[in-house]
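Just below is one structure, and these are the notes that go with it.
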Amino acid sequence: MYKLLIRPILFRFDPEEVHYFTFSFVRFISKIPGVSSIIKAIYKENDPRLEREVFGIKFSNPVGLAAGFDKDAKLYKELSDFGFGFIEIGTVTPVGQEGNPKKRLFRLKEDQAIINRMGFNNGGVIEAVERLKQNKGVLIGGNIGKNKITPNENAVDDYIICFDALFNHVDYFVVNVSSPNTPNLRALQDKEPLTQLLQTLQNKNLTHAKPKPILLKIAPDLTDEQLLDIIDIIKTTQIAGVIATNTTISRDGLQSVNKEEMGGLSGKPLTQRSTEVIRFLSEKSNKAFPIIGVGGIHTAQDAIEKLNAGASLVQLYTGFIYKGPALIKAINKEILKGL
């Protein structure tokens with residue numbers, strides 16, 4: 001129904017406007033008595049065999065929603081009804097910011113992809129915290145970043161502000177230094193500044209009686225040498241794991257008219273590369289840390305390939321937009337078939 005009826009209608013309109021409309025619509029219908037239960041009955045796969053314990057957290061199933069969809073923690077409860085095992089909010093920054101000028105979100109329908117140059121648009125971490133205070137049982141990841149106007153030499157301060165504000169309201173953290181849409185942000189992936197940033201956050205984390213898992217979200221465009229550096233950094237800082245991968249700046253093999261738009265590319269063209277990064281990290285580290293696999297998951301088999309490559313959990317974003325919520329249940333069913 002989604003692919004045949006709903007998606008063709010939604011795809012006739014501007015993608016960012018459709019995003020906001022969909023949020024409002026889902027929030028509205030979820031307030032109707034009984035609708036939340038109906039959605040859960042249709043999409044949620046309740047089977048204890050799907051449970052996973054990763055970095056000390058028990059997930060009801062290994063399929064999550066990637067950051068960027070619910071940036072401001074406005075719809076995490078309603079989205080969890082569709083069967084996600086966890087929801088990652090953000091990227092949030094210390095102070096709210098508009099992000100980059102519109103138009104900044106583009107569909108590449110022929111490639112089953114999206115290009116975005118949103119630029120960490122969000123209402124700021126304090127607004128997100130206020131909404132997360134209402135959480136009743138949804139497993140939440142907090143994806144944190146720096147404000148656009150903050151120079152890289154002061155970036156650690158922004159990450160600390162977000163870390164401190166979110167600490168009591170999320171289950172794990174994700175340090176985002178891999179978005180291509182904030183100027184010079186990816187320079188923080190270099191070994192020295194990244195080690196300093198993660199070590200500072202980890203030191204702060206360890207002052208708590210119950211530290212939270214900290215993960216690093218990396219770009220798919222890193223070289224093998226840089227990926228080996230990532231393995232060393234994780235060993236040095238003892239953070240919990242990696243999310244592989246963020247969007248790519250590559251445009252190889254694209255067919256769509258929007259292929260030359262600036263920004264990060266997500267979706268089907270990323271499937272193979274993100275799986276390669278997962279496999280490389282898993283094998284070269286001898287499975288020393290958990291990996292959340294994300295990038296180009298449009299079918300249940302795409303998810304299985306990432307799990308087989310070494311991912312402990314997977315996340316959806318563009319595949320969720322193109323394939324709809326039935327994809328979550330399809331992945332979980334495929335996992336169950338393999339048990």
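Since the model is a prediction, treat every value here as computed from it, not as a measurement.
Phe13 and Tyr20 fall into different hydrophobic clusters, defined by Ile, Leu, Val, Met, Phe, Trp and Tyr side-chain heavy atoms under 4.5 Å apart, directly or through other members. Val129 is connected to Phe173 through a chain of hydrophobic side-chain contacts under 4.5 Å among Ile, Leu, Val, Met, Phe, Trp and Tyr, so both are in one cluster.
Note that the CZ atom of Phe280 and the CD1 atom of Ile291 stand 11.0 Å from one another [nearest 0.5 Å]. In this structure, CD1 on Ile239 lies 10.5 Å from CG on Asn205, to the nearest 0.5 angstrom. To the nearest 0.5 Å, atoms CD (Gln189) and CG (Leu197) are separated by 11.0 Å. Atom CG of Leu313 and atom CD1 of Ile292 lie 5.0 Å apart (nearest 0.5 Å). To the nearest 0.5 Å, atom CG of residue Asn203 and atom CD of residue Gln238 are 11.5 Å apart. A distance of 4.0 Å separates CD of Glu88 from CD1 of Ile243, quoted to the nearest 0.5 Å.
Contact check on Asp232 versus Lys191 returns a salt bridge, with a Lys/Arg side-chain nitrogen under 4.0 Å from an Asp/Glu carboxylate oxygen. The existence of a salt bridge linking Lys284 and Asp224 is excluded, since no basic side-chain nitrogen approaches an acidic carboxylate oxygen closer than 4.0 Å.
The only member of Arg104, Met262, Glu261 that meets side-chain contact (heavy atoms from CB on, under 4.5 Å) when paired with Ile115 is Glu261.
Remark: Phe84 pairs with Phe320 by the ring pair (Phe, Tyr, Trp, His ring centres under 6.0 Å) rule, at least two apart or across chains. Residues passing the side-chain contact (heavy atoms from CB on, under 4.5 Å) test with Asp14 are Glu16, Glu17, Lys103, sequence neighbours excluded. The ring pair (Phe, Tyr, Trp, His ring centres under 6.0 Å) search around Phe23 returns His19, Phe69, not counting sequence neighbours.
Between the Ser256 side chain and the Asn258 main chain, no donor and acceptor come within less than 3.5 Å of each other. Formation of a donor-acceptor pair under 3.5 Å by the Asn135 side chain with backbone atoms of Val138 is found in this model. Side-chain N or O atoms of Asp171 include one that pairs as donor or acceptor with a backbone N or O of Ile140 at under 3.5 Å. No donor-acceptor distance shorter than 3.5 angstrom exists from the side chain of Asp111 to the backbone of Leu254, with no hydrogens or angles considered. Under the 3.5 Å distance criterion, the side-chain polar atoms of Arg251 are left unmatched by any main-chain donor or acceptor of Glu260.
For Ser266 against Thr247, the heavy-atom pair with the smallest separation is CB-CG2, 3.8 Å. Residue Ala219 comes nearest to Ser178 through the heavy atom pair N-CB, 3.4 Å, listed as atom of the first residue, atom of the second, then distance. Nearest heavy atom pair, residue Leu50 against residue Asn332, reads CD2-O, 3.5 Å. Ala300 and Glu334 make their closest contact through CB-CB, 3.7 Å (heavy atoms, listed as atom of the first residue, atom of the second, distance). Shown here for Leu10 and Arg107, the closest heavy-atom pair between the two residues is O-NH2, 3.3 Å. Taking both residues in full, the closest heavy atoms of Tyr76 and Leu132 are given as OH-CA, 3.6 Å, listed atom of the first, atom of the second, then distance.
The aromatic rings of Tyr172 and Phe86 sit perpendicular to each other, their planes meeting at more than 60°, with 30° as the lower class boundary.
The salt bridge (Lys or Arg N to Asp or Glu O under 4.0 Å) analysis of residues 57-81, with sequence neighbours excluded, yields the pairs Lys40-Asp81, Lys77-Asp81. Within the structure, the ring-ring contact (aromatic ring centres under 6.0 Å, His included) test picks out no pair touching residues 92-116 (sequence neighbours left out). Sorted by first and then second residue, the ring-ring contact (aromatic ring centres under 6.0 Å, His included) pairs with a member in residues 182-216 read Phe167-His208; sequence neighbours excluded.
Using modelled atom types, one finds no donor on one side chain facing an acceptor on the other under 3.5 Å when comparing Lys148 with Thr182. Side-chain atoms of Asn122 and Thr93 form a donor-acceptor pair, as typed in the model, at a separation below 3.5 Å. With 3.5 Å as the limit, one finds a donor-acceptor pair spanning the side chains of Glu276 and Gln272.
Few gaps surround CD1 on Ile42; more than 12 heavy atoms of other groups in view lie less than 6.0 Å from it. Environment of OH in Tyr2: crowded, with over 12 heavy atoms of neighbouring residues, nucleotides or ligands closer than 6.0 Å. Environment of CD in Gln196: sparse, with no more than 12 heavy atoms of neighbouring residues, nucleotides or ligands closer than 6.0 Å.
Phe289 has its side chain within reach of Ile231: a pair of non-hydrogen atoms, C-beta onward, lies under 4.5 Å apart.
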Working for side-chain hydrogen bond (donor to acceptor under 3.5 Å, both in side chains), residues Asp302 and Thr299: CA-CA 5 Å; Asp302 292 337; Thr299 67; 3.2 Å; yes
side-chain contact (heavy atoms from CB on, under 4.5 Å) evaluation trace for Phe82 with Leu327: CA-CA 10 Å; Phe82 288 101; Leu327 178 59; over 6 Å; no
side-chain hydrogen bond (donor to acceptor under 3.5 Å, both in side chains) assessment of Lys287 paired with Ser282: CA-CA 5 Å; Lys287 300 181 178 179; Ser282 180; 5.2 Å; no
